Participant: 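Take this structure first; my questions come after.
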There are 2 protein chains.
Amino acid sequence: MTISEENYIKVIYHLAQVSPKGVSTNAIAGTLDTKASSVTDMLKKLADKNWVSYQKYQGVSLTESGLQKAKMIVRKHRLWEVFLVEKLGFAWDEVHEIAEELEHIQSEALISKLDDFLGFPTVDPHGDPIPNAKGEMVKEERIVLSEAPLHQAYRFIGVKDSSAGFLQYLDKQQIALGATIIIQEREDFDASLSVLINDKVLSLSQKIAENLFVKQG
Amino acid sequence: MTISEENYIKVIYHLAQVSPKGVSTNAIAGTLDTKASSVTDMLKKLADKNWVSYQKYQGVSLTESGLQKAKMIVRKHRLWEVFLVEKLGFAWDEVHEIAEELEHIQSEALISKLDDFLGFPTVDPHGDPIPNAKGEMVKEERIVLSEAPLHQAYRFIGVKDSSAGFLQYLDKQQIALGATIIIQEREDFDASLSVLINDKVLSLSQKIAENLFVKQG
DNA sequence: AAATAAATTTAGGCAAATCTAAAAATAGTT
DNA sequence: AACTATTTTTAGATTTGCCTAAATTTATTT
Ligand SMILES: [Mn+2]
Ligand SMILES: [Mn+2]
Ligand SMILES: [Mn+2]
Ligand SMILES: [Mn+2]
């Protein structure tokens with residue numbers, strides 16, 4: 001499998017979370033910053049190799065073997081992210097691009113030993129689940145803060161947007177994974193929230209709140 | 001710089017250690033397991049980018065900037081090898097191929113943090129020196145055991161051949177880096193050696209002895 | 001100094017991954 | 001239902017890295 005094929009498979013996997021019926025050519029092109037015609041070419045190739053099922057004009061979805069491939073790439077990506085943050089001391093907003101390269105290193109033995117070295121982590125630095133060697137992962141029950149009821153204690157367990165900009169904003173506000181959040185008030189006008197985060201009062205715009213995953217307790 | 005270009009530059013660097021006047025097209029083709037005509041194509045490209053100086057039929061040598069590039073690739077290769085052995089628990093005969101891929105990961109910050117994490121090692125698991133961020137490395141004074149005088153105490157500090165086969169042979173004989181070696185006798189007939197390694201008697205063929213780097217003391 | 005052998009380069013081609021421009025299919029809108 | 005806009009695919013090129021076969025240059029023998 002080439003690096004390019006792997007990148008396509010992974011993008012289709014991620015986009016399929018939102019569009020389970022079929023991922024569009026344009027959506028893939030947008031994510032990979034390439035042209036729709038290039039995507040069409042690649043989809044034919046991926047279909048030939050039986051990693052996606054594809055019918056002209058109808059979008060694609062991963063086959064069982066494509067799904068398995070995708071999960072292994074995601075597994076590698078997230079394990080490397082844990083390594084970069086936990087062992088090398090990178091900040092959580094610095095690791096994505098590097099992991100984007102590291103995820104393509106082939107060796108099975110390497111990933112298995114890395115997993116062991118890291119203590120078999122179940123989530124990456126952004127709160128995303130890490131598939132195990134079989135592709136299984138626990139999908140933690142989680143909701144976005146913007147839709148959570150008031151006056152309940154939540155724990156901040158993941159980000160929806162993991163762009164450097166957003167992560168740096170959270171750093172600046174000292175909002176870190178694991179923080180306790182209680183919504184005190186939701187403004188009718190702009191849906192912004194007044195929250196208590198680790199006992200400090202903060203105001204969060206709707207844009208921010210809908211990118212924070214929380215769970216009860 | 002593409003992965004292919006990096007592989008060529010690194011091979012030219014290694015071959016130049018043995019042929020400082022100029023590396024031949026065939027030597028490169030042999031090492032990279034590719035055809036001479038492909039090498040010629042690439043040499044033109046590398047010359048255009050000023051990483052090698054190349055004249056038809058006369059072989060190539062690295063330019064100053066090519067040499068610097070080569071050292072950085074070697075640096076990455078050897079640092080990753082240290083990581084794989086010291087942190088992940090790979091054996092010294094298992095790491096070369098994996099490092100062959102890892103050496104192409106781009107991030108400067110990654111290598112700098114990895115170097116720090118590993119405690120700024122100066123040699124890799126095979127005893128080869130690791131260039132620092134500026135490309136400087138200490139070249140330890142060393143000789144091959146096959147040419148060393150009798151009855152002196154040497155320390156085993158590196159291998160000339162670092163193929164898995166040779167390394168596994170050394171493992172089997174329990175000859176590890178750092179071992180003390182004293183030559184007791186050299187056979188006239190086949191130049192084989194009778195040696196004392198960590199106080200155990202062993203017989204080494206010339207083929208073995210000429211692939212062991214040692215230093216006095 | 002020829003003749004032969006070996007090394008190297010050139011010529012022409014191929015596959016992967018991309019692009020632009022044009023054509024075709026689908027979706028949305030009067 | 002017909003028209004328009006959007007999405008997607010096709011056609012034709014380009015670049016990179018590689019190949020085979022043939023030509024050329026350099027090295028080695030007679
Ligand atoms: Mn990637
Ligand atoms: Mn992540
Ligand atoms: Mn390599
Ligand atoms: Mn090594």
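What you are looking at is a predicted structure, and each value in this text was computed from that prediction instead of being measured. Each chain gets a letter, A, B and so on, in the order its sequence line appears, and its residues count up from 1.
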Participant: Base, sugar-phosphate alone, or nothing: which one does B:T25 contact when heavy atoms must sit under 4.0 Å apart?
Facilitator: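 If one applies the 4.0 Å heavy-atom cut-off, B:T25 turns out to touch the sugar-phosphate alone, with no base involved.
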Participant: Does A:K44 make a side-chain N or O approach to OP1 or OP2 of D:dT10 shorter than 4.0 Å?
Facilitator: yes
Participant: Any idea which of D:dT9, C:dT9, D:dC18 is nearest the B:S4 side chain?
Facilitator: D:dC18
Participant: Could you tell me how the ring of A:F166 sits relative to the ring of A:Y169: parallel (under 30°), tilted (30 to 60°) or perpendicular (over 60°)?
Facilitator: parallel
Participant: Rounded to the nearest Å, what distance is computed from the CD1 atom of residue B:I3 to the C1' atom of nucleotide C:dA16?
Facilitator: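 Value for this atom pair: 14 Å.
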Participant: Measure from the side chain of B:Y57, starting at C-beta and using heavy atoms only, and say which of C:dT26, D:dT24, C:dC19 lies closest.
Facilitator: D:dT24
Participant: Give one of base, sugar-phosphate or nothing for A:S38, where a contact means two heavy atoms less than 4.0 Å apart.
Facilitator: base
Participant: Would you indicate which nucleotide in D:dT9, C:dA16, D:dC19 comes nearest to any side-chain atom of B:K35?
Facilitator: D:dC19
Participant: On the 0 to 90° scale, with breaks at 30° and 60°, tag the B:H77-B:H96 ring pair as parallel, tilted or perpendicular.
Facilitator: tilted
Participant: Round to the nearest Å and state the distance from B:D48 atom CG to D:dT16 atom P.
Facilitator: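 Distance check: B:D48 CG to D:dT16 P gives 11 Å.
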Participant: CD of B:Q55 versus C1' of D:dT25: gap in Å, rounded?
Facilitator: 15 Å
Participant: Using the six-membered ring of A:F117, assess whether NZ or CZ of A:K87 lies under 6.0 Å from its centre and within 45 degrees of the ring axis.
Facilitator: yes
Participant: Rounding to an integer number of Å, can you tell me how far B:I28 CD1 sits from C:dT8 P?
Facilitator: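 Distance, rounded to whole Å: 9 Å.
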Participant: Calculate the interatomic distance between B:L43 atom CG and C:dT10 atom P; express it in whole Å.
Facilitator: 11 Å
Participant: Can you measure A:D41 atom CG to C:dA15 atom C1' for me and round it to whole angstrom units?
Facilitator: 13 Å
Participant: Please check: side-chain N/O of A:N211 versus main-chain N/O of A:K207, any donor-acceptor pairing under 3.5 Å?
Facilitator: yes
Participant: Please figure out whether A:T2 or B:G59 has its closest DNA chain C nucleotide nearer the 5' end.
Facilitator: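 Its nucleotide being nearer the 5' end, the pick is B:G59.
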Participant: Respond yes when some side-chain nitrogen or oxygen of B:K56 is under 4.0 Å from OP1 or OP2 of C:dT10, and no when none is.
Facilitator: yes
Participant: Which part of the nucleic acid, if any, lies within contact of A:S37, taking any heavy atom under 4.0 Å across all strands shown: a base, the sugar-phosphate backbone alone, or nothing?
Facilitator: base
Participant: Rounded to the Å, how far apart are A:Y8 OH and C:dA16 P?
Facilitator: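 It works out to 14 Å between those atoms.
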Participant: Measure from OH on A:Y54 to P on D:dT8 and round the result to the nearest Å.
Facilitator: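 It works out to 9 Å between those atoms.
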Participant: Check for a donor-acceptor pair, side chain of B:R78 on one end and backbone N or O of B:H126 on the other, with a separation under 3.5 Å.
Facilitator: no
Participant: For DNA chain C, whose closest nucleotide is more 5', that of A:T34 or that of B:A27?
Facilitator: B:A27
Participant: Taking 4.0 Å as the cut-off, does a side-chain nitrogen or oxygen of A:T40 come that near to OP1 or OP2 on D:dT10?
Facilitator: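 Result: no.
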Participant: Compare side-chain N and O positions of A:N26 against OP1 and OP2 of D:dT8 and report whether any pair is under 4.0 Å apart.
Facilitator: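 Affirmative; the distance criterion is met.
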